[in-house]
Asks: 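Mind looking over this structure? Questions follow.
Since the model is a prediction, treat every value here as computed from it, not as a measurement. Heavy atoms only: backbone and side chains are in, while hydrogens, waters and symmetry mates are out.
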Amino acid sequence: MSNGTYDDNGFFSLRIDFAQAVDSFTFSWGMSESWADWNVYAYDSSDALVNSLTMPVSFGTSFSVGLSGSAIAYAMLVNSSDYDWIGIDNFTYEGSKPVPEPATLLLFGLGLVGVAGLRRMFAR
């Protein structure tokens, strides 16, 4: 992703919405200048800040950066200083893992007990 050309000033913020809450995301960050003050912020669905990161200057190189937190609904990439052109690539994320319900665990445990009982019964 590129945020502009030399004919315009590009954008100063980018919002990334996730279809479902995620626990972490990473991306390749490149081409930022030393005068630009880029930050990435992760928010939950109630707009509470979950985590943040000041982005490194990456002119001529690229870095893999990312954030983690609980139930990240969206992220904001914000430049609070002068204009800058950036590159973002290889954006990946890991979804929230559901917590098993106690009833599901109970049914699974009963199934294991049943299999063990059948095994003993046929072993005689």
Side-chain angles (χ1 to χ4, degrees):
M1 168 187 282
S2 176
N3 69 319
T5 68
Y6 287 106
D7 296 331
D8 63 39
N9 288 339
F11 58 79
F12 289 84
S13 69
L14 171 68
R15 180 176 169 141
I16 302 162
D17 291 289
F18 300 103
Q20 295 179 343
V22 301
D23 290 328
S24 64
F25 61 90
T26 61
F27 56 92
S28 295
W29 169 253
M31 303 185 327
S32 67
E33 298 283 354
S34 61
W35 67 78
D37 184 22
W38 287 98
N39 294 284
V40 63
Y41 303 98
Y43 295 92
D44 65 15
S45 60
S46 64
D47 298 327
L49 182 65
V50 174
N51 203 344
S52 66
L53 174 68
T54 299
M55 302 302 287
V57 173
S58 62
F59 184 76
T61 61
S62 67
F63 300 96
S64 181
V65 294
L67 286 177
S68 62
S70 179
I72 298 170
Y74 67 96
M76 292 289 297
L77 183 63
V78 179
N79 179 2
S80 59
S81 61
D82 204 357
Y83 70 91
D84 187 20
W85 294 276
I86 59 168
I88 298 173
D89 198 6
N90 301 323
F91 196 95
T92 60
Y93 58 91
E94 184 174 321
S96 295
K97 294 175 182 64
V99 177
E101 298 177 29
T104 304
L105 291 176
L106 178 63
L107 287 173
F108 181 71
L110 287 173
L112 288 177
V113 168
V115 168
L118 286 174
R119 188 172 177 196
R120 285 187 76 174
M121 189 168 70
F122 286 114
R124 292 182 186 177

Asks: Under 4.5 Å between any side-chain heavy atoms of Val65 and Met55, yes or no?
Replies: yes

Asks: Do the side chains of Phe63 and Ile16 join up, straight or via other hydrophobic residues, at under 4.5 Å, putting them in one cluster?
Replies: yes

Asks: Mind checking the CG-OG spacing from Asp44 to Ser70? Nearest 0.5 Å is all I need.
Replies: 8.0 Å

Asks: Membership question, hydrophobic clusters at under 4.5 Å side-chain separation (ILVMFWY): are Leu67 and Ile88 in the same one?
Replies: yes

Asks: Are Ser62 and Ser28 linked by a side-chain donor-acceptor pair shorter than 3.5 Å?
Replies: no

Asks: If you define the side chain from C-beta out and look only at heavy atoms, does anything of Trp38 sit under 4.5 Å from Ile86?
Replies: yes

Asks: Say whether Tyr93 and Val50 are linked into one hydrophobic cluster, either directly or through other cluster members, by side-chain heavy-atom distances under 4.5 angstrom.
Replies: yes

Asks: Please examine the side chains of Leu77 and Trp29, heavy atoms only from C-beta on, and report whether any two atoms are closer than 4.5 Å.
Replies: yes

Asks: To the nearest 0.5 angstrom, please state how far the CG atom of Asn39 sits from the CE atom of Met76.
Replies: 11.5 Å

Asks: Return yes if some donor-acceptor pair links the side-chain N/O of Asn51 with the main-chain N/O of Ser68 below 3.5 Å, else return no.
Replies: yes

Asks: Are Leu53 and Leu49 co-members of a hydrophobic cluster defined by side-chain heavy atoms under 4.5 Å apart?
Replies: no

Asks: May I ask you to test the Tyr43-Ile72 pair for a side-chain heavy-atom distance under 4.5 Å?
Replies: no

Asks: Indicate whether any N or O donor in one side chain lies under 3.5 Å from an N or O acceptor in the other, for Tyr74 and Asp47.
Replies: yes

Asks: In the single-linkage hydrophobic clustering (I, L, V, M, F, W, Y; side-chain heavy atoms under 4.5 Å), do Phe91 and Tyr41 co-cluster?
Replies: no

Asks: Would you call Thr92 and Phe27 a side-chain contact if the rule is heavy atoms closer than 4.5 Å?
Replies: no

